[in-house]
Protein chains: 2
Amino acid sequence: MVTMKQIAERTGVSVSTVSLVLNHRDEGRVKADIARKVRATAQELGYQPNALARSLRTNKIPIIGFVSEEVATTPYAGGIIQGAQDAARELGYLLITVSGDDAATVEQEVLALKRYGIDAFIYSAMSNRVVTIPQCLADYPLVLADATDRDNRFPAIEPDEFRIGYDATTRLIEAGCANIAYVGCTTPGPIIAQRGRLEGYRAALDDHGREFNEALVCNVDGNEEALRAVEHLFAEQHPDGFFCFNDSRAWYVYECAARQGLIVGKDISVVGVDNHRVIAETFAPQLTTIALPHYEMGYWAADKLISIVEHRDIAPMPNPLMLAPIPPLDGEEPVKMHCVLIEKESVRPQ
Amino acid sequence: MVTMKQIAERTGVSVSTVSLVLNHRDEGRVKADIARKVRATAQELGYQPNALARSLRTNKIPIIGFVSEEVATTPYAGGIIQGAQDAARELGYLLITVSGDDAATVEQEVLALKRYGIDAFIYSAMSNRVVTIPQCLADYPLVLADATDRDNRFPAIEPDEFRIGYDATTRLIEAGCANIAYVGCTTPGPIIAQRGRLEGYRAALDDHGREFNEALVCNVDGNEEALRAVEHLFAEQHPDGFFCFNDSRAWYVYECAARQGLIVGKDISVVGVDNHRVIAETFAPQLTTIALPHYEMGYWAADKLISIVEHRDIAPMPNPLMLAPIPPLDGEEPVKMHCVLIEKESVRPQ
DNA sequence: GTGAAAGCGCTAACAT
DNA sequence: ATGTTAGCGCTTTCAC
C-alpha cells in the first residue's frame, strides 16, 4: 500500500506538505510546482488514502448507518436502500446497512457501527408505520425513511398518502368512471397509509362534486374472504372504477373481473398502488400502477441526514414531486408517487 | 469515549495489560485477580473498543463487501443481503453493500471499500446469470451468490435449478396430474434457470415413465402475447398440471383458468417458482409456491467467504438441502428450494 | 512556504 | 507476570 510517507520521500518534501496538497489545502501555502510534483507522484504510485487512519485521526467517518428493525426482506427494502446509497455516494459517504429480527439484535449491530465511530443513522421500517426509535439511536443525528416516529422527534420522509389517494381517485374520475370503489385494507397493519389514502379518496370525490358512498369502500384482509368481499362489491355496487390499496387488492379485482367477463381497461378501470415486479410484468398494459417512492425516500433521507451532520444545506434532490406526472389511465408506465419531508427538531448533539 | 488508557490508569496497570485482558489473551500471562479488576473497570466505564484504531494497527477489518452491479432493487435482493448479513454477524463481521448501475460506478464504490482495508467480497447478480467479475475484485477472496462466473474462477452459490424442476414436476405427478405443462420463459434472460428447470422437468417425467411432449412446453415472454400462448396451451392440450417458471407465468395460468371456469386446486394443479409477496398473499391457498433460497444463498456465501479469509472451516450453516421438504400440493406453506455450492479454486492472494 | 513533531487508540515485540 | 516502547497512516499545530 502506498503511503504519504513514500510520496514525500520520492518527491523530496515532508509528509505534511503531501497531506496539505492531497487534501486540497495547499492554496497559497504550497508552491504551485511542488504541489504539482506531489500530485504527479501520487498519481504515478497509484496512491489511495488510508481511510482508517484518516478517520482515526479526525474522529469522523463518512459512513452512515441504515438501520431497520424488520427483516429487510420486503420487496420495498431494495429501493429505499438503493436510494440512500446513491445519495450517500454522491456526497462522498458509504452506507452500511444493518437489521435484525428483534430489538436486541438491532442494538448489537448498532453498537458494532458505533465502534467504528459511525454516528449518523437512517431508520426505516420498510412500510410506513408508527415505530418506536431504539434507545441506542435516540441521541444521534437520525432521519426516518418510510416510517413515523411514535414520539415525533425526528425528521421523517414518508409517502404522501393523502396525495396518493387523491390523485388516484382523480385519475379515475377524469377517465370517466361514474362509480369508484376503494379496495383498502383492514386497519391494524398499515394504518397510516390506509387512513391517508382513504382521506385522499374522499377529498377527491368531494372536490369533484361526487357523493361519498360508504358501500363502495371495501376493506379486506386476504385470501378467500377478501375475494368474496370483492365479489360482493361487484355484485351489489357495479363499480366501474377501482382504487386499490396494493397489488393483492388489485388482484382480487382482476380475478373477479375475469370471472364475470369484464375487461379491465374497457369495462372497468383500475388504479393500484405498489409496483411489485409481477404486477408490472403482467398487469401493466391495463393497470395504472402507482409505485411508492421508495427510492426517493431513501435518497432524500440520506440527503437530509448528511445536511444535518455537515451543518449545511445540500442542493436538494431532484424533487420527487416533480417526477410524478400521472400518465393517462391507459398508459403503460408505472407512476412514481410523491413523498413528503416531515420536519422535526432533529437531535443534533453538540 | 472510554479508552484503554483510562482503564489502565483507573486500575493501576499498563495499557498492554488491559489490551491483553480485553482481548482474552491473558490466560497464564496476567494474574487472575488483575484480569478481573481490569474487566470490572472496563464494564464499569462502559468501555467500547475503537474498531478503527484496532483495524489500523492490525491491518485487518472484519467487514465484508457485498457488491452487485445491477440495481439492488429487485425483490430478491433483500433476502440475499439479509442472509449474508446474518451469517456475517454470527461470525463477528459487518456487511457493507455497494451497487451501481454501471461498471464504473461499481468500481468507484469498491475502491472506497478498499480504502478502508476491506479485502473480501461477495458478488451477486440478483438472479442467476452469467456475469463477468469486475477486474477490481478479481484479486481478492470472492464468493458469488446467485450468479455464475463466466470464467469459472470463484466459488459460487447458486440455486439448484435442476432440482427445482425435478421436484416441482414430481410433486405434480404425485398429485395425480396426467398432463403436465411447463410454462417457462424465452431464453435470452435467465438462461441458466430456464435450462436447468426444463431439464429437471424432463428428467422427472422420464423417471416416472411419462413421455415428454414438446407441445406441453410453453415458453413465453410477457403480457398479451404470453396470455394468448397460455390460452392456446389450455385449448389444445388441456393440461391438468402446470409447472410455472415464475409468478408472472403462474398468473397467466390463473387468468386463463378463471376465464374458463377452471378451479385451481380442483380442476388443475399449479406449482410456481418465486415467492413475491403478492403471490403468497393471494394465491397461497391454491398454489404451491417454490421460493428460491435467496436468504440461504446469501448466508452460505458469507459463510464460505469468511471460511476462506480466516483459513478455517466454519461450522456449516443449517443445510438448505435439509430445509426443503416440499409439502403436499394443497399445502399453504411456500417451499424453500435448494441451493448448491459450486466449488472453484478461490483466489486467495498471499 | 515548508518541515518537525505530537498524537488519534490500539497491538505486539521486547524488556524487565 | 507486567511494563515500556514503537509504530499503524494520517492530520494538525507550531516553529522556522
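In what follows, chains carry the letters A, B, and so on, assigned in the order in which the sequence lines appear, proteins first and then strands, with residues in each chain numbered from 1. Everything numeric in this text was worked out from a predicted model, so none of it was measured.
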Interatomic distance where [atom1] belongs to [X] and [atom2] belongs to [N] [whole Å]:
| X | N | atom1 | atom2 | result |
| --- | --- | --- | --- | --- |
| Gln6(A) | dG9(D) | CD | P | 8 Å |
| Glu9(B) | dT2(D) | CD | C1' | 17 Å |
| Asp26(A) | dT12(D) | CG | P | 15 Å |
| Ile61(A) | dC10(D) | CD1 | P | 15 Å |
| Asn59(B) | dC10(D) | CG | P | 12 Å |

Query raised in the report: Less than 4.0 Å between a side-chain N and a carboxylate O, is that true for Asp33(A) and Arg36(A)?
Result: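 Salt bridge flag = no for Asp33(A) with Arg36(A).
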**Report entry** Asp26(B)/Arg39(B) ion pair, N-O < 4.0 Å
**Finding:**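 Yes, charged N to carboxylate O under 4.0 Å.
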Report task. For Gly12(B), report the nucleic acid contact type (base, sugar-phosphate, nothing); a contact means any heavy atom under 4.0 Å. Result ->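 It contacts sugar-phosphate atoms only.
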Query raised in the report: Taking only side-chain nitrogens and oxygens of Ser14(B), does any of them come within less than 4.0 Å of OP1 or OP2 of dT4(D)?
Result: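 For dT4(D), OP1/OP2 do not have a side-chain N/O of Ser14(B) under 4.0 Å.
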**Report entry** Exam field: side chain Gln6(A) to backbone Met1(A), donor-acceptor pair closer than 3.5 Å
**Finding:**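 Side chain of Gln6(A) to backbone of Met1(A): a pair is present.
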Query raised in the report: Between Pro141(A) and Leu305(A), is any pair of side-chain heavy atoms under 4.5 Å apart?
Result: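 Answer yes - side chains close enough.
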**Report entry** Where Gln85(B) and Leu95(B) come nearest, the two heavy atoms and their spacing
**Finding:**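 That would be N-CD2, 3.9 Å.
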Requested in this report: Take nucleotides 7-16 of chain C nucleotide by nucleotide from the 5' end and write B, S or -, depending on whether a protein heavy atom sits under 4.0 Å from the base, only from the sugar-phosphate, or from neither.
Outcome: BBBBBB----
Query - Tyr299(A) and its side chain to side chain donor-acceptor pair (under 3.5 Å) partner, picked from Gln82(A), His294(A), Glu90(A) - result: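 Exactly one candidate clears the test, Glu90(A).
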